Amino acid sequence: MADPPATDRRVGTAVLVAVAWPYASGSRHLGHLAGAYLPADIFARHQRLVGNRVLMVSGSDVHGTPITVRADAEGVAPADIVDRYHAEFVADWQRLGISWDLYTSTGTENHAAVTQDLFLRLLANGHIDRRSSDQYFDAAAERFLPDRYIEGTCPHCGYVEARGDQCEDCGRTLDPEELVDPRSKISGSMPELRSTEHFYLRLSDFTEELGKWLDSREGWRRHVLNFSKGWVDEGLKDRAITRDLDWGIELPVDDLGPGKRIYVWFEAVIGYLSAAKEWAQIQGDPEAWRDWWEDPEARAVYFIGKDNIPFHTIIWPGMLLGYGGLNLPDDVPANQYVTFKGGKASASRGVGLTIGEGLGLFEADSMRYALAAALPEQSDTDLSVEEIGRRINEELVATWGNLVNRVLSMVHKNCGVVPSPEGRTDGDLAVLESVDAALVRSTEQVERVELRAALRTGMDAAAEVNAYLNTTEPWKLVKSDAERARVVLGTALAAVAGVRVALSPYLPFSTAALDDVLGPVKSWERLEPVVGAPVPKPIPLFAKVDLEALLSGDDREEEGVDTE
RNA sequence: GGCGACGUAGCUCAGUUGGUGAGAGCGCUCGACUCAUAAUCGAGAGGUCGACAGUUCGAAUCUGUCCGUCGCUACCA
């Protein structure tokens with residue numbers, strides 16, 4: 001490469017890799033993984049190898065009505081639900097090799113403090129105000145009711161168990177006042193409308209500024225920009241920040257009376273900032289977060305699913321503008337959806353696989369490959385167990401796994417150690433140059449967050465090395481010209497080492513499995529293997545998937561496991 | 001209802017601001033090879049780019065209508 005990657009982590013550009021906060025209300029599925037966590041990890045791993053200073057943060061989103069609803073349904077405390085799924089997420093990330101710099105939660109004291117700081121600053125700057133409205137009040141329980149805590153008959157379809165925010169039967173969104181015969185989910189009594197006060201974020205203050213900001217964005221995905229501009233063009237509406245809940249972050253002011261908390265949509269996005277501060281504290285350098293949030297040279301890339309777009313392109317930037325002095329997102333490469341047999345993945349509806357279920361069927365790297373090859377970067381992508389298995393067997397194992405295996409086998413058998421690079425012909429050098437070119441090309445693609453294409457680039461390079469072997473036929477040379485055979489095998493091994501770098505962000509476990517022979521991958525460049533290093537008989541990097549067994553298993557009932 | 005997206009080879013998808021004969025991977029057919037997880041390499045077949053109309057010298061790409069799929073619609077985040 002033209003510019004050798006910096007090895008000093010303090011030299012490169014500061015890159016904040018901000019990843020959607022998974023809601024600790026149920027298991028996450030492969031759609032979430034392909035939508036945010038996997039692409040973020042691939043991007044972060046690549047950025048580290050090119051020498052940038054990556055800070056990749058996220059955490060479990062532990063507040064919000066769905067969690068309290070679920071806790072009530074199970075007769076446990078919200079914290080029990082949160083603890084269960086937070087632990088599950090942490091285990092998922094570990095098994096998947098998601099390389100967080102910090103994975104925390106919104107349940108920390110630090111997060112509450114940062115949230116309250118933002119609230120107070122926005123309040124002081126005039127971007128938050130108080131408004132009163134009529135809301136349903138449960139006299140028996142002596143509390144106001146969030147929309148989800150009200151049930152009634154849907155005015156559109158007559159469904160008797162419609163929720164205050166949406167009718168599950170006909171799918172229409174509702175206002176609670178529209179419900180016929182409203183009932184409190186807490187006491188079952190008929191709620192009454194009472195006046196109550198809440199704080200509102202004056203998003204409308206930022207309509208013009210956000211519009212200009214969005215117009216100035218370059219390289220953003222079309223659907224992200226269209227959707228965001230659509231919101232601005234319609235006119236931004238002020239949003240209530242607080243809710244009548246006792247599960248959530250407390251207000252730093254007490255003038256609304258008891259029973260009001262800051263609601264999730266406002267505080268969850270603040271997690272990106274609070275996590276950076278928490279990370280800095282853990283590092284023993286409490287001011288270190290400023291490198292990512294205040295330095296204008298720093299980059300911030302937010303990995304989310306498309307359902308989260310307005311929160312990251314409108315609301316969070318609006319909050320940051322109102323706060324002042326902090327970096328706005330540089331890119332929000334929101335992914336579309338993964339569908340399963342045409343339907344949106346949803347654990348609650350039993351569509352698709354949870355991450356845990358996926359890991360029960362496939363090796364982590366294999367599943368990472370299959371999902372990365374099908375990332376819904378431009379449009380929804382349809383997946384199935386068969387499709388994942390096919391990708392693994394016919395692409396990953398056949399092209400890359402087999403290449404590594406055939407090269408290592410021949411080197412082991414005929415040389416026993418890494419051969420010297422001396423004596424390479426133009427043809428030998430050409431294959432190495434094509435691998436180097438692939439590394440340059442895939443960097444350009446990753447910079448644009450075209451991760452599918454960058455994976456393809458790496459796989460194409462692997463195919464070129466396969467073609468090189470078929471042309472040079474080292475298995476014949478070992479009988480006719482042993483010296484030439486050693487040169488060819490050494491070249492092939494060096495090429496494999498380079499392809500391995502290109503694929504390493506996608507395949508961390510199998511990459512590390514080659515450390516003993518090829519050395520650890522520390523930078524985004526093709527390094528010659530150490531001459532004379534022993535090359536033992538190889539173990540296949542990936543197991544083939546038994547598709548028939550999977551298909552018979554796929555017919556079994558897939559039970560929904562949770563709400564979303 | 002409103003907004004947005006999508007509908008391109010058997011399957012999953014790419015196709016920057018409209019312009020050499022429409023692409024990739026996989027599958028399929030034929031051939032080569034046999035070191036390698038029956039893997040690899042080469043060649044080839046296969047699509048009137050959802051339908052219709054329009055703008056243009058020229059449209060998969062722009063406009064309109066229609067058909068179909070999906071998402072969002074601000075208290076799920």
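Here the structure is a predicted model, which is why all the values come from computation and not from measurement.
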Spacing between [X] atom [atom1] and [N] atom [atom2], to the nearest angstrom:
X	N	atom1	atom2	value
A:L203	B:rA74	CG	P	14 Å
A:H223	B:rC6	NE2	P	10 Å
A:L469	B:rG42	CG	P	12 Å
A:Q336	B:rG7	CD	P	11 Å
A:M459	B:rA39	CE	P	14 Å

Of the options [options], whose atoms approach the side-chain atoms of [X] most closely?
X	options	result
A:P66	B:rC76, B:rA74, B:rC75	B:rC76
A:N226	B:rA36, B:rC41, B:rG4	B:rG4
A:M410	B:rC41, B:rC35, B:rA24	B:rC35
A:E394	B:rA36, B:rC26, B:rC72	B:rC26
A:N466	B:rU40, B:rA74, B:rU37	B:rU40
A:S409	B:rC35, B:rA24, B:rC76	B:rC35
A:D147	B:rC35, B:rG25, B:rC75	B:rC75

Between A:P474 and A:R163, whichever has its closest RNA chain B nucleotide further toward 5' is A:P474
Closest-nucleotide 5' rank along RNA chain B - winner of A:G401 and A:R456: A:R456
Determine the contact category for A:D460: base if any of its heavy atoms lies under 4.0 Å from a base atom, sugar-phosphate if only primed atoms, P, OP1 or OP2 are that close, otherwise nothing. nothing
Are A:F303 and A:H312 an aromatic pair, judged by ring center distance below 6.0 Å? no
Heavy-atom contacts under 4.0 Å between residues 475-483 of chain A and RNA chain B, which residues? A:W475, A:K476
Do A:R194 and A:D134 come within less than 4.5 Å of each other through their side chains, counting heavy atoms only? no
Check whether any side-chain heavy atom of A:L383 lies under 4.5 Å from a side-chain heavy atom of A:L371, and answer yes or no. yes
Distance test, side-chain N/O of A:N470 to OP1/OP2 of B:rU40, below 4.0 Å: no
Between [X] and [Y], is any side-chain donor less than 3.5 angstrom from a side-chain acceptor?
X	Y	answer
A:Y369	A:W400	no
A:Y149	A:D138	no
A:S228	A:T313	yes

Tell me if the side-chain of A:N402 makes a donor-acceptor pair with the base of B:rA36, cut-off 3.5 Å, by modelled atom types. yes
Among A:N335, A:I304, A:V449, whose side chain to side chain contact (heavy atoms under 4.5 Å, CB included) with A:P39 holds? A:N335
Among A:L547, A:L353, A:V545, which residue meets the side chain to side chain contact (heavy atoms under 4.5 Å, CB included) test with A:V385? A:L353
In terms of heavy-atom contacts, A:H111 and A:S274 come closest through ND1-OG, 2.8 Å
Main chain of A:D147, side chain of A:D165: is a donor-acceptor contact present, judged purely on distance under 3.5 Å? no
Convert the base pairs of RNA chain B into dot-bracket notation, remembering that pairs crossing earlier ones are written with [ ] and that bases paired across to another strand are shown as |; include only Watson-Crick or G-U pairs under 3.5 Å. (((((((..((((.....[...)))).(((((.......))))).....(((((..]....))))))))))))....
Which nucleotides of nucleotides 8-17 of chain B have their base under 4.0 Å from a protein heavy atom (B), which only their sugar-phosphate (S), and which neither (-), written as one string 5' to 3'? ----SSSS--
How far does the P atom of B:rC6 sit from the matching atom of B:rA14, given to the nearest Å? 10 Å
